[in-house]
Amino acid sequence: MPPKRKSASASNAGPSPLTQSPRSKRLRAEVNGTENTNPNIFETVLNLLYDLKDEDEPERDIATEFLKLPSKKLYPDYYELIESPISINEIKNKVTGKKYLSNDDFLKDFKLMSSNASTFNDPDSDIAVDCNVIYKFVESKLKEIQLQQEKAAEIELTRPQKTPKVILKSPKLEKTSETQVAKKSDFASKDFSSSLQQVWKAVVDFKVRRVQFALPFMDLVDGEEYPDYYTVVEKGMAFNEVKNKIQAGQYKNGIDGVEAFKSDILLIIQNAKTPKYWTVLWISNIR
């Protein structure tokens with residue numbers, strides 16, 4: 001993000017290549033393809049940002065000047081004036097490190113970058129205008145992608161899905177009443193954990209159009225971070241919780257265990273239908 005205002009120490013370095021006269025701009029994003037398979041909304045927005053072009057100069061990438069911080073050697077006064085320097089590379093590193101807890105946190109850093117550009121440069125200068133356009137672009141893309149994902153989630157919730165069924169065949173019983181009683185007793189107390197593990201895997205791995213629907217429901221929502229969730233959902237449940245219970249032998253008590261397994265799976269589905277669940281889920285899964 002090389003600034004355009006010359007510092008005293010940089011005056012001998014010759015005229016800055018960024019010195020341009022103010023002018024209005026019309027911008028467009030040229031993005032190859034519309035399908036995005038990146039599950040991280042922030043990475044998606046950054047990828048779109050890298051392709052943001054100036055319509056008046058189609059070969060010029062708007063983001064280029066803001067990828068790195070200004071040189072401390074050429075622009076020492078920038079670091080005296082700007083309290084919190086930031087560039088796209090710093091933002092990218094924070095995304096990689098999962099430092100952003102919300103869309104607003106992510107957007108605030110672009111607002112800061114725009115504010116820094118306007119503070120150090122003339123607010124009407126090209127570099128300040130470009131940075132503000134980047135901020136507006138990121139803001140609009142965040143809203144656009146979030147709406148797309150929310151609509152997709154609503155559609156999938158209302159679409160009937162084929163779910164794996166547990167089919168348990170009782171062993172062939174002898175005709176004598178004593179044997180029949182014994183066999184029923186054995187069946188009622190049989191450990192079906194191995195079969196339930198297979199059912200669990202089939203449900204978790206189930207995909208439609210390469211979308212793994214169980215992924216957002218693998219872990220419990222953190223009650224400390226999102227206390228409002230448990231005012232709406234009476235009891236939390238997640239697929240990893242079910243897996244842990246299988247491994248701990250909590251479903252091994254025959255038919256009762258199968259019914260308990262079934263109840264926990266249905267609880268996950270019921271919780272997912274709670275409207276407020278999606279607000280919490282959206283925030284927790286973009287971390």
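Every value quoted in this text rests on a predicted model; they were computed, and no experiment measured them.
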Is it the case that the ring center of Phe42 lies less than 6.0 angstrom away from the ring center of Tyr100?
yes
Distance-only, no hydrogens or angles: does the Trp200 side chain make a donor-acceptor pair with backbone N or O of Val242 under 3.5 Å?
no
Side chains of Asp104 and Ser102, donor plus acceptor under 3.5 Å
no
Where the side chain of Asn89 meets the backbone of Leu67, is there a donor-acceptor pair that is under 3.5 Å apart?
yes
Is a side-chain N or O of Ser115 found less than 3.5 angstrom from the main chain of Lys111, in a donor-acceptor match?
no
Does Asn116 use its side chain to pair, donor to acceptor, with the backbone of Ser84 at less than 3.5 Å?
yes
Could you tell me which non-hydrogen atom of Asn253 sits nearest to which non-hydrogen atom of Gln250, and how far apart they are?
OD1-O, 4.0 Å
Flag side-chain contact, heavy atom, 4.5 Å: Phe106 against Val45
yes
Within the 4.5 Å heavy-atom criterion, are Lys53 and Ile62 side-chain neighbours or not?
no
When you measure from the centre of the six-membered ring of Phe192, is the NZ or CZ of Lys252 closer than 6.0 Å and no more than 45° off the axis?
no
Ser193 side chain reached by Gln197 side chain, heavy atoms, under 4.5 Å
no
Is it true that Asp264 and Tyr251 share a donor-acceptor pair across their side chains at a distance under 3.5 Å?
yes
So, Ser118 side chain and Ser114 main chain: donor-acceptor pair closer than 3.5 Å or not?
yes
Would you please test Arg60 and Asp130 for salt bridge (Lys or Arg N to Asp or Glu O under 4.0 Å) and show each step?
CA-CA 11 Å; Arg60 187 171 77 87; Asp130 279 350; 3.2 Å; yes
Exam field: side chain Thr96 to backbone Lys92, donor-acceptor pair closer than 3.5 Å:
yes
